[in-house]
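Before any comments, here is the structure.
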There are 2 protein chains.
Amino acid sequence: MNEGLDNKMEFRHIRPTAMRAIVLKLMMEKTAATSLPELENELESADKATLYRTLKTFEQNKLIHRINDGSGTLKYALCKDSCDCDVEDQHIHFHCTKCNGTFCLNDISIPKVILPSGFSLSGIDTVVNGVCSNCNNDA
Amino acid sequence: MNEGLDNKMEFRHIRPTAMRAIVLKLMMEKTAATSLPELENELESADKATLYRTLKTFEQNKLIHRINDGSGTLKYALCKDSCDCDVEDQHIHFHCTKCNGTFCLNDISIPKVILPSGFSLSGIDTVVNGVCSNCNNDA
DNA sequence: GTTCTTGCAAAATATTTGCAAGACG
DNA sequence: CGTCTTGCAAATATTTTGCAAGAAC
């Protein structure tokens with residue numbers, strides 16, 4: 001029943017263990033980015049250190065990417081299947097200040113920046129803060 | 001000898017204590033943003049909690065602003081004299097992945113972002129990662 | 001059987017708060 | 001005097017590592 005998950009991992013050269021399948025499945029079911037403490041709560045059977053290393057492995061092999069949304073806790077979201085985590089794959093993240101949820105906005109082009117001379121650029125992290133559509137509807 | 005510093009603080013309705021003058025002076029001498037642990041190292045006489053609350057007071061009164069550069073440690077940089085910390089005062093930050101220094105790039109316009117419907121926007125944090133001119137010269 | 005993964009424990013780092021003593025107006 | 005600030009201590013939260021047992025290939 002985990003063929004899809006296992007394929008995803010094997011494609012990224014990650015050994016598909018049961019634990020990793022559980023984490024990946026959970027992350028695929030979410031619309032918002034996840035944090036280590038959040039995974040810890042939802043998967044009580046799993047150890048913090050295991051989850052930490054699972055996320056690290058996923059990140060190193062470009063199955064997920066890390067998001068620093070300013071909430072004080074690192075979050076992680078799935079990469080697209082074709083993701084190479086290079087400039088073309090960069091996208092904006094939206095952080096809801098009400099529900100603390102963080103979402104990838106893949107459709108919005110990332111802003112261009114021209115740096116002062118002497119500076120070289122490797123990537124741009126843009127976090128848009130505001131209120132998401134869910135929270136706006138509740139109000 | 002602290003007239004300038006004291007004026008800056010009084011202008012922001014911050015009671016100008018000796019400790020605060022020391023912190024403000026140190027921050028004014030820096031070109032890069034500072035963190036709490038960094039201040040702790042450089043001002044051995046000062047207590048962590050005091051520095052923490054000093055930074056908090058400075059931030060609340062818009063003498064400094066907070067930067068989350070993805071390094072895992074919050075940083076703080078001086079606001080401009082005229083700063084009101086609203087949309088007009090927002091600017092890009094550059095984070096050097098080599099020296100871990102973080103700088104305000106006031107001259108570069110912040111990118112515009114159009115969100116999906118239902119989302120409302122309160123602010124945009126953009127951190128440009130790369131190598132600063134100092135570190136590029138060393139190479 | 002060799003390598004990789006997991007779980008338990010604990011360290012390391014950063015941030016934050018309580019409380020009593022002290023400084024300031 | 002009353003309020004604000006500081007220093008010491010400790011709590012909290014998050015991230016990270018060591019090591020031995022277990023699983024995968």
Side-chain angles (χ1 to χ4, degrees), chain A residues 2-3 5-26 33-61 63-76 95 100 102, chain B residues 2-3 5-10 12-26 33-61 63-77 95 100 102:
Chain A
N2 280 344
E3 298 88 14
L5 298 170
D6 289 358
N7 284 344
K8 262 189 191 300
M9 290 191 273
E10 278 165 3
F11 178 69
R12 296 292 188 175
H13 305 104
I14 299 165
R15 190 190 287 188
T17 67
M19 188 77 256
R20 287 173 179 167
I22 291 171
V23 174
L24 178 55
K25 183 162 178 288
L26 186 55
T34 320
S35 67
L36 175 53
E38 190 182 335
L39 288 178
E40 229 184 312
N41 281 335
E42 297 178 4
L43 300 173
E44 291 192 18
S45 64
D47 184 76
K48 187 172 33 176
T50 302
L51 292 173
Y52 170 76
R53 286 183 276 228
T54 298
L55 290 173
K56 197 173 182 180
T57 300
F58 283 2
E59 188 192 3
Q60 284 171 341
N61 293 283
L63 192 54
I64 64 176
H65 59 277
R66 176 193 300 227
I67 307 162
N68 192 323
D69 64 5
S71 67
T73 310
L74 289 176
K75 294 185 183 164
Y76 300 86
H95 175 237
N100 193 31
T102 296
Chain B
N2 280 344
E3 298 87 13
L5 297 171
D6 289 358
N7 285 343
K8 263 190 191 297
M9 289 190 272
E10 277 165 4
R12 297 290 187 177
H13 306 102
I14 299 165
R15 191 192 286 188
T17 67
M19 188 77 256
R20 287 172 179 168
I22 291 170
V23 174
L24 179 54
K25 183 162 178 287
L26 186 55
T34 320
S35 67
L36 174 54
E38 190 182 336
L39 287 178
E40 228 185 311
N41 280 335
E42 297 177 5
L43 301 173
E44 291 192 18
S45 63
D47 184 77
K48 187 172 33 175
T50 302
L51 293 172
Y52 170 75
R53 286 183 275 228
T54 298
L55 289 173
K56 198 173 182 180
T57 300
F58 283 2
E59 189 193 1
Q60 284 170 342
N61 293 283
L63 192 55
I64 64 177
H65 59 277
R66 175 195 299 229
I67 307 163
N68 192 322
D69 64 5
S71 67
T73 309
L74 289 176
K75 294 185 183 165
Y76 300 86
H95 175 236
N100 194 31
T102 296

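In this structure, B:Tyr52 places its OH atom 16 Å from C1' of D:dA9, rounding to the nearest Å. Taking atom CD of residue B:Glu40 and atom C1' of nucleotide D:dT6, one finds them 15 Å apart after rounding to whole Å. Look at CD1 on B:Ile14: it is 16 Å from C1' on C:dC24, rounded to the nearest Å. When rounded to the nearest whole Å, the span between CD1 of A:Ile22 and P of C:dG7 equals 9 Å. One can place CG of B:Asn100 at 10 Å from P of C:dA14, the figure rounded to the nearest angstrom. The separation between B:Leu51 atom CG and D:dT5 atom P is 15 Å, rounded to whole Å. Atoms CG (A:Asp47) and P (C:dA9) sit 9 Å apart, rounded to a whole Å. A straight line from NE2 of A:His13 to C1' of C:dC4 spans 16 Å, rounded to a whole angstrom.
Without hydrogens or angle criteria, B:Arg66 side chain to B:Glu59 main chain gives no donor-acceptor distance under 3.5 Å. Under the 3.5 Å distance criterion, the side-chain polar atoms of B:Asn61 are left unmatched by any main-chain donor or acceptor of B:Leu63.
Between B:Arg53 and A:Arg15, the residue anchored nearer the 5' end of DNA chain D, judged by the nucleotide with its closest heavy atom, is B:Arg53. Mapped onto DNA chain C by nearest heavy atom, A:Met19 and B:Thr17 fall at different nucleotides, with A:Met19 at the one closer to the 5' end.
Between A:Lys48 and A:Leu36 the shortest heavy-atom distance is O-CD1, 3.9 Å. Across all non-hydrogen atoms, the minimal contact from B:Ala33 to B:Glu38 is O-OE1, 4.0 Å.
In summary, of the residues considered (A:Asp69, A:Ile67, A:Asn68), a side-chain contact (heavy atoms from CB on, under 4.5 Å) with A:Ser71 occurs for A:Asp69 alone.
In terms of phosphate contacts, A:Lys56 brings no side-chain nitrogen or oxygen within less than 4.0 Å of OP1 or OP2 of C:dT5. For A:Thr50 and C:dG7, the shortest distance from a side-chain N or O to OP1 or OP2 is below 4.0 Å.
Within 4.0 Å of B:Arg20, counting heavy atoms only, lie sugar-phosphate atoms of the nucleic acid but no base atom.
The side chain of A:Ala49 approaches C:dA9 more closely than any other nucleotide in the set D:dC8, C:dA9, D:dT6.
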